[in-house]
Novice: 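The structure under discussion is supplied below as structure tokens; questions concerning it will follow.
Chain letters run A, B, ... following the sequence lines, proteins first, then strands; residues in each count from 1.
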Amino acid sequence: MILIWFILIPAAAGLLAWPVGRKSPLAARWLCLAAMVATLALGGWLWAATPDHDAAQGHWLAQFRAPWIPQWGAQINLRLDGLSLLLVLLTGLLGVMAVLCSWSEIHDRVGLFHLNLMWMLAGLMGVFLALDLFLFYFFFELMLVPLYFLIAIWGHEHRRYAAVKFFIFTQVSGLFMLAGILALYFIHGRQHGGDYTFDYVRLLGTSMSPTSAWLIMGTFFLAFAVKLPAVPVHTWLPDAHTEAPTAGSVILAGVLLKVGAYGLLRFLVPLFPAAARDFAPAAQVLGVAGILYGAIMAFAQRDLKRLVAYSSISHMGFVLLGVFSWNSLAMAGAMVVILAHGVSTGALFILAGQVQERTGTRDLDRLGGLWETAPRMGGVAMLFALASLGLPGLGNFIGEFLVLAGTFQASPVLTVVAAGGMVASAIYALWLVQRIFHGPNRESWRLGDLNAREGLMYAALVAAIVWIGLYPRAFLDTFKPAGQWLREMSGTGVGGSTGVPPVEVRSLLGTKPSVNTGETPVLPGNSEGRP
Amino acid sequence: MRQLLWLIPALPLAGFVILALAGRAMPRRAVAAVAVLALGLACALAVGVGVEFVAQGSATQWTSPADGQSPVPAYAWRQSLWQWVGVDGFKSDVVLRLDSLSLVFVLVITFVGAMIVLYSTGFMWGDDGYSRFFAYMNLFVAMMLTLVLAGDLLLLYLGWEGVGLCSFLLIGFWYKDPANARAARKAFIVTRLGDTAFAIGLFLLFTRLGTLDVQEVLSRAAAQWPAGSTLATAAALLLLGGAIGKSAQLPLQTWLPDAMAGPTPVSALIHAATMVTAGVYLIARMHVLYRLAPQVQLLVGIIGGATLVYAGLSALTQTDLKRALAYSTISQIGYMFLALGVGAWSAGIFHFVTHAFFKSLLFLAAGVIIQRLHEEHDIFRMGGLLRRMPLVFWTFLAGAASLAALPLVTAGYYSKDLILSEAWSSNKLLWSAGVLGAFITALYSFRLVGVIFFGQEKTAPRGRTPAVMALPLVVLAVLAVAAGFINVPPLLGGWPGLTRLLEWTLPSAGIHHDVAAEIGSSLAVALTTLAGVAVAWLVYVRKPAWSEAIVRPGLRRLVWRWWNAGWGFDWLYDRLFVRPFVGLARLNRDDFIDSFFDSVAWTSRQTHRALSLTQNGQLRWYAMVMALGAILALGVAIFI
């Protein structure tokens, strides 16, 4: 029952904040802040209450089930394991930050802004909790709409272009995945005598011909690769980030990209293990390409937010590489990258927002010499830039090291190439700090240094990144059983050994189902009309 | 004492945290007190730990057989703090390990670090970033101590990257000048190239040996890998990549001459106690690996030999005092690499110790000179300072003499002599490079002394040297002369205490007591050194006109300039790597991949426009299109 609150609290707060915001913007801010703090505390409580894992207990920590659309086999099926829990915590933490960093930035239609922000967060929570594929897709789409409005209404100069671009990229790729989900649904249903279900756990181990597996996996991969984003479908990200308001950027980089990573870990590999195994080399090459391409592109940017956006692409390359190495090291590494990147890049976007709020520009050619007027801000920027370049002692290092160490076991050559990212990331990260804070203060900026609210935000984020960097065990141990389970699931599902003849995608599109021993499913408004 | 091991790196780290969080609000005296106390306490603690360690260790270790192939496991203290990373199949602890090798490093780092910080409290007094400076300095020492005390390679890597970071922060300390920022960036990125090789080496070691614990890695490597095996060679090579980056050896040496952009005490710290000696430490720490890969070990020696001559010649041609000293560091680290390469393990570490004293001394003295001469760096605009700054002269002389390895009376002599006499028995070519280097070293050291302190006075110094700055100079000068006596070869009737201590951990150079060869080598080194000093004296003090003759236009001047510019490495790297990288990155600033998606968008817009043209509201047009469509549809239905 507790799981539903992760979604309901932000959603309800958003609904309340809308009318409240018309009367008193400040009340709306406090309301949303309280809601997110409560959500985060709820997650923290769940984390602290997590019993030590016994093999007998299974790895699910909590679940919630309610009927939704029984005719279709779609349920409200929320489940939480270590993987989801860490992402829920990350969403909670960055949700708090998103509310706080909009405090003095957003003055226009505050209530509506918070409605969108809260609903986006609710959608994200749902994505990380839903283990019914239909429900997952529902939340997957739900979170896009508020972000579209956040960018299009409260964004910067080219906000319409960026919002539309973002929406089309994610929407089109999401539709492919919907087709994939439906294909999987029908294959499973026909195979199991009309057991039409969207339940993730039951769909695991669905056997299908390699071609079908490849096709369906392809649709999932497309959706998650766009989200992640992987090169070459990354071009929406720099635009969306640049134009989004700070809170949008923070959630976009910190959590929304992680939906892609989560999808790969949770759905893509366990559902299609054999196909994923064959596809792994290609995906790893894409990951390495992302690491290097993102880092080089980041260095070339003039716009502060664009620079950070490209650095995200580079970091997400590590996730892609780690997921498709699929061993305990690389997966744990990918998990840590997910968390550490969320914190460090979230902080860098908050910083970018503050710089823009104070100077009115994000142009690196105009900035410079800010250290003398805002040394605390500079110190924080330095720290998170260092996290970004993978300095040991800060979170990202642990993740990247584990990913590379895990990948090395499978492919030393790729690891060596990917390690080039360590040098390239140093170049852009130092460049970032030096362009803003060092050098002569050409335009004679006089900024206020961090105020109490901002200092508090950074204190929390610094604590988080140092915690991940020096004592990652807390996170690794939480993830371990979930990772193990995912690996087991993908291990047994290979080769279609369930004794049921595989069902072809082609048969779904063609005239007659080849395997349909049971009764035809009752699909309202559909059962007759289907070809 | 054993339980307090963790405090040695923790004290400077605490100093950093205090200064970073509250330093801006603290008065300068408090900042100075925190910085000096943190390092002073760490140093005192290190001495206490060292005394107890040696006392307990000698009880167990002294009984080891004297054949040099010590079968007794090295005496060491180990302190496990917490498990850092634990995943199925990968475990890495935050664990400190003290053995005789790390003890020597810890003592030198904390002592020299404390001296430099004490000096800096005076040197940096007028600077705006007073607390920031000491925060960075404390962090620097903390990271270096973590590096040398780490019992696990991952923790060592943390220290390794940490010192890289601090060098970046301190080289770019005066951040308003873009040139300093560039130098800082260069230092970090060039050393990161090496660090990346190091990291790949860690992946290799872990994948093959299943652990990153230093002792486990060494014992498993020795057990599993035959000498000369590909894996051992690859691992040794990759770690060497890291070592040459940090230690500024060929071909990754280009960052160090520029690193003098930071305040002078920073150079003293980087060159003497921290950072550049990390590579020497790493190779000595992983010596088992290098003995398994003899070709790589030879490569270490060759790199050392080549670097010491290269950098010596560059040092000879510098006119900037700090740059000359920077090249001399590269050259002296080359000696250490040469020592490691020929298996003179403890001799290399001995040279690290003496070098730490005389090089920090030289930089600190240079700092006084530069500060009192109104930021004048050019040695040819100094001159005649002998009378105006007698204290600085005598201390600088002690450092220069030690650097030049003036026979018998300086510490530098004992260490260099030990390296070369051991090199003689294993590799004559490297030995010759070392002797040639000894001549060059003597020449450039006394060139500096002659040009700066003798001749005409060209710039009048101002002020006096404050006591906090003078005291470290004197202490270090004494050590630069006397530190050699801890390790006097038996041949001279002494007792090589440091070598004995280091041989608890490092392999002995072997028993080759060819006394005649040793004497021959020592004589050659001593005579070459004296010849170098004499030539320098003649050219730069007695006949200054000769020194001008050297740089008269012509081939000699071209060579001189070429050496002065560090043999064109910067020029070459700039064209080979920097410009193509920057150019390509900027060229693709707008991301060519996006043009594909833009073209999709453009196509759909154009299609939209074309199709909307058909909706022109003219009835005739609609009727015609309908008719055409009907014909087409019928045609399809009938014929296909």
Novice: So, for A/P440 and B/P178, which heavy atoms are closest and what is the spacing to 0.1 Å?
Specialist: CD-CG, 3.7 Å
Novice: Let's test your reading of the structure: which of A/P238, A/A419, A/A426, A/G439 forms the most heavy-atom pairs below 4.5 Å with chain B?
Specialist: A/G439
Novice: Could you check which of B/R208, B/R24, B/R132, B/R586 has the highest count of heavy-atom pairs closer than 4.5 Å to chain A?
Specialist: B/R24
Novice: Between B/D591 and A/R306, is the closest basic N to carboxylate O distance under 4.0 Å?
Specialist: no
Novice: Establish, yes or no, whether a centroid distance under 6.0 Å links the rings of B/F203 and A/F401.
Specialist: yes
Novice: Is it the side chain or the backbone of A/Y161 that comes within 4.5 Å of chain B heavy atoms, both, or neither?
Specialist: side chain
Novice: For a quick check under 3.5 Å, do B/D594 and A/T235 share a side-chain donor-acceptor pair by atom type?
Specialist: yes
Novice: May I ask you to decide if A/Q301's main-chain N or O and B/R589's side chain share a donor-acceptor pair within less than 3.5 Å?
Specialist: no
Novice: With a 4.5 angstrom heavy-atom cut-off, which part of A/L402 approaches chain B: side chain, backbone, both or neither?
Specialist: side chain
Novice: Heavy-atom distance under 4.5 Å to chain B: side chain of A/L404, backbone, both or neither?
Specialist: both
Novice: To check you understand the geometry: which heavy-atom pair defines the closest contact between A/Q434 and B/A181, and what is its length?
Specialist: NE2-O, 3.1 Å
Novice: Quick check for you: among A/A332, A/G483, A/P472, which has the greatest number of heavy-atom pairs under 4.5 Å with chain B?
Specialist: A/P472
Novice: Please report the C-alpha distance between B/W84 and A/Y471 in whole Å, then the side-chain angles of each, then the deciding distance to 0.1 Å, and finally whether the side-chain contact (heavy atoms from CB on, under 4.5 Å) criterion is met.
Specialist: CA-CA 6 Å; B/W84 190 7; A/Y471 197 74; over 6 Å; no
Novice: Contact part of A/D239 toward chain B, heavy-atom cut-off under 4.5 Å: side chain, backbone, both or neither?
Specialist: side chain
Novice: May I ask you to decide if A/M422's main-chain N or O and B/R192's side chain share a donor-acceptor pair within less than 3.5 Å?
Specialist: yes
Novice: Please report the shortest heavy-atom distance between B/D88 and A/S328, naming the atom on each side.
Specialist: O-OG, 2.9 Å
Novice: So which of A/L476, A/I296, A/L329 has the largest heavy-atom pair count under 4.5 angstrom toward chain B?
Specialist: A/L329
Novice: Name the region of B/D598, side chain, backbone, both or neither, that has any atom closer than 4.5 Å to a heavy atom of chain A.
Specialist: side chain
Novice: Which atoms of B/F168 come close to chain A, meaning under 4.5 Å heavy atom to heavy atom: side chain ones, backbone ones, both, or neither?
Specialist: side chain
Novice: Between the main-chain N or O of A/R473 and the side-chain N or O of B/Q83, is there a donor-acceptor pair closer than 3.5 Å?
Specialist: no
Novice: Any idea how A/Y293 and B/F592 line up, ring-wise: parallel (<30°), tilted (30 to 60°), or perpendicular (>60°)?
Specialist: perpendicular
Novice: Go through A/V336, A/T407, A/L470, A/L386 and name the one with the most non-hydrogen pairs under 4.5 angstrom from chain B.
Specialist: A/L470
Novice: Tell me, side chain or backbone of B/L158 under 4.5 Å from chain A's heavy atoms, or both, or neither?
Specialist: both
Novice: Chain A heavy atoms under 4.5 Å from B/L587: which part of the residue, side chain, backbone, both or neither?
Specialist: neither
Novice: Please flag which part of B/L204 lies under 4.5 Å from any non-hydrogen atom of chain A: side chain, backbone, both or neither.
Specialist: both
Novice: Please report the C-alpha distance between A/F408 and B/F206 in whole Å, then the side-chain angles of each, then the deciding distance to 0.1 Å, and finally whether the ring pair (Phe, Tyr, Trp, His ring centres under 6.0 Å) criterion is met.
Specialist: CA-CA 10 Å; A/F408 194 88; B/F206 165 70; 9.4 Å; no
Novice: Using only atom types and a distance under 3.5 Å, with no angle test, would you say the side chain of B/E161 pairs donor to acceptor with the backbone of A/L391?
Specialist: no
Novice: With a 4.5 angstrom heavy-atom cut-off, could you sort out which part of A/E372 is near chain B: side chain, backbone, both or neither?
Specialist: both
